[in-house]
Amino acid sequence: MAGRKRKASVTAPNSPATRRQSGRVTKAALNYQESDVEEAGSDEEFKADANESDDAGEPDDAEASESGDEYGSDEEYGSDEEVLKKKGWIKKRGKGGRVEMVIELPGIKDPGDTPYEDEKIHPNTLDFLRDLKKNNRREWLKFHDAPYRQAEKDFQTFVSKLSEIVCDKDSTIPELPIKDIIYRIYRDMRFSSDPTPYKPYFSVTWSRTGRKGPYAHYYLHIQPDGGSFFGGGYYACDNETLACLREDIDTQPHQFKSILTEEHLRTTFFPGIKKDEKKVIAAFCKMSADNALKTKPKGYDADHKDIALLKLRNFVLRRNISDEEITSENGLNIVGDIVEAIEPFITYLNNTVMPDR
């Protein structure tokens with residue numbers, strides 16, 4: 001599809017809530033902050049997106065981050081005509097007989113035989129994320145702004161439909177604007193050795209206070225080639241949250257275990273495991289094992305019957321979603337079923353840590 005054209009000369013120029021007070025920790029002020037830094041392909045998504053900071057210093061628009069030539073430096077393109085041609089530039093005689101090099105700006109992608117629908121993610125959106133991963137540079141994203149906006153809109157329309165399901169399944173989740181639940185594509189590079197400026201995925205989270213706040217979250221992560229998943233819970237809990245959860249597991253473990261062994265949750269997040277409490281708990285501990293303590297937590301015996309649960313610093317569930325599932329006609333229903341399965345788990349965490357007064 002023909003688009004706008006750029007020109008160049010032949011010679012390239014230069015809300016507050018109250019926690020339940022655990023008997024094992026003193027009352028303290030709650031501090032929550034966010035960070036965009038994360039590594040794809042692992043449970044780091046929970047830690048990074050659950051802790052994202054809006055004051056990360058990244059721009060709200062790709063163009064705001066640009067400096068210098070929008071297609072790259074003189075070193076990249078050089079002044080040779082052949083170099084420009086390899087980059088897609090075409091020689092053309094402009095007005096007044098001046099020789100110019102022009103290049104077609106990429107437009108929106110043709111949907112082909114698959115129309116865009118609100119109930120699923122379009123394959124073009126996954127294709128864009130693949131391309132972004134291969135070309136994770138500011139000048140590339142600026143040049144491909146139209147495909148980016150097309151993919152972003154597709155994701156947001158899907159999230160709007162999914163939000164209706166989340167709010168319906170969990171009545172404590174308010175209807176909030178898209179901007180309050182979707183994470184930005186910009187990475188926080190302040191404390192990272194990774195120089196890439198963008199996340200190669202789209203993500204969104206729901207909680208009683210939106211993307212931020214002390215409540216347990218529902219989380220959707222869209223990344224091609226098997227990287228998509230839906231999950232939720234608490235990642236990298238602070239001391240107060242851990243104290244509340246550990247105290248509840250210590251005094252009434254049957255409540256937490258009954259939720260994990262419930263049939264819908266068990267078959268969704270632990271497929272293949274029959275209603276065997278020990279195996280389900282072991283599978284949950286493995287899923288939440290990142291950052292777990294190596295030794296017993298303070299105040300508990302090393303031979304405690306539920307020491308594996310007490311060592312955890314994350315309380316999360318995660319169900320992977322294939323590319324075929326998320327792009328299928330039934331994509332929204334598949335994710336909606338995961339929401340229904342995880343809701344009792346999220347409700348338990350909120351009622352334990354932040355009980356309603």
Side-chain angles (χ1 to χ4, degrees), residues 15-20 29-36 45-56 60 118-121 152-185 201-222 228-238 240-241 244-245 259 264-265 268 314-319 321 331-357:
S15 81
T18 305
R19 288 176 182 268
R20 191 192 76 179
L30 302 183
N31 293 310
Y32 296 92
Q33 59 183 6
E34 299 183 331
S35 170
D36 262 345
E45 288 86 1
F46 281 106
K47 175 171 63 177
D49 278 343
N51 295 322
E52 181 191 33
S53 173
D54 279 341
D55 61 353
D60 287 335
D118 296 348
E119 291 77 16
K120 64 180 181 180
I121 297 294
E152 182 183 47
K153 181 179 179 181
D154 181 47
F155 175 64
Q156 290 183 0
T157 54
F158 182 81
V159 168
S160 295
K161 286 291 184 180
L162 183 57
S163 291
E164 297 175 7
I165 296 177
V166 174
C167 296
D168 178 63
K169 300 299 182 182
D170 188 341
S171 60
T172 67
I173 304 298
E175 295 183 11
L176 295 173
I178 289 290
K179 66 180 181 63
D180 291 337
I181 59 176
I182 285 183
Y183 289 103
R184 299 182 304 167
I185 200 170
Y201 58 84
F202 290 131
S203 55
V204 58
T205 190
W206 296 264
S207 79
R208 297 185 186 184
T209 52
R211 190 176 62 247
K212 304 177 182 179
Y215 293 100
H217 287 61
Y218 299 87
Y219 178 85
L220 174 65
H221 184 99
I222 299 298
S228 300
F229 68 91
F230 189 94
Y234 278 117
Y235 194 97
C237 301
D238 59 56
E240 275 195 277
T241 298
C244 292
L245 292 172
I259 291 172
H264 193 187
L265 186 150
T268 300
N314 309 317
F315 287 79
V316 296
L317 290 172
R318 166 177 173 157
R319 197 275 208 186
I321 304 172
L332 184 65
N333 292 331
I334 290 173
V335 181
D337 184 69
I338 304 174
V339 173
E340 184 176 6
I342 201 175
E343 183 274 327
F345 175 73
I346 298 295
T347 298
Y348 163 80
L349 294 177
N350 285 328
N351 290 344
T352 301
V353 178
M354 304 287 290
D356 295 330
R357 296 294 182 180

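Predicted model only: the values in this text are computed from it and were never measured.
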Give, for atom [atom1] of [X] and atom [atom2] of [Y], the distance between the pair rounded to the nearest 0.5 Å.
X	Y	atom1	atom2	result
Met354	Glu240	CE	CD	9.0 Å
Ile173	Ser207	CD1	OG	6.0 Å
Cys244	Leu349	SG	CG	11.5 Å
Gln156	Ile178	CD	CD1	6.0 Å

How about Arg211 and Thr205: does a side-chain donor come under 3.5 Å of a side-chain acceptor?
no
Mind listing the closest non-hydrogen atom pair of [X] and [Y] along with its distance?
X	Y	value
Lys120	Asp154	O-OD1, 3.9 Å
Tyr201	Ile222	CB-O, 3.1 Å
Lys161	Glu119	CE-OE2, 3.9 Å
Trp206	Leu162	CH2-CD2, 3.4 Å
Leu265	Ile259	CD1-O, 3.8 Å
Cys167	Pro174	SG-O, 3.7 Å

Would you say that [X] contacts [Y] through its side chain, given a criterion of any heavy-atom pair below 4.5 Å between the two side chains?
X	Y	value
Thr209	Pro214	yes
Thr268	Ile342	no
Asn314	Cys237	no

Stepwise, does the side chain to side chain donor-acceptor pair (under 3.5 Å) test hold for Asp238 with Thr241?
CA-CA 5 Å; Asp238 59 56; Thr241 298; 3.1 Å; yes
Just do the side chain to side chain contact (heavy atoms under 4.5 Å, CB included) check on Asp118 and Phe158 with the steps written out, would you?
CA-CA 5 Å; Asp118 296 348; Phe158 182 81; over 6 Å; no
Glu343/Lys169 salt bridge by N-O under 4.0 Å criterion
no
Check against side chain to side chain contact (heavy atoms under 4.5 Å, CB included), Asp170 and Tyr218:
CA-CA 10 Å; Asp170 188 341; Tyr218 299 87; 2.6 Å; yes
Measure up the Phe202 and Phe155 rings against each other and bin them: parallel (under 30°), tilted (30 to 60°), perpendicular (over 60°).
parallel
Between Tyr219 and Phe229, how do the two ring planes meet: parallel, tilted or perpendicular, split at 30° and 60°?
tilted
Given side chain to side chain contact (heavy atoms under 4.5 Å, CB included), test Val316 with Tyr234 step by step and report yes or no.
CA-CA 6 Å; Val316 296; Tyr234 278 117; 5.7 Å; no
Test side chain to side chain contact (heavy atoms under 4.5 Å, CB included) applied to Asn351 and Thr347, step by step
CA-CA 6 Å; Asn351 290 344; Thr347 298; 3.4 Å; yes
Spell out, as yes or no, whether a donor-acceptor pair under 3.5 Å connects the side chain of Asp180 to the backbone of Gly210.
no
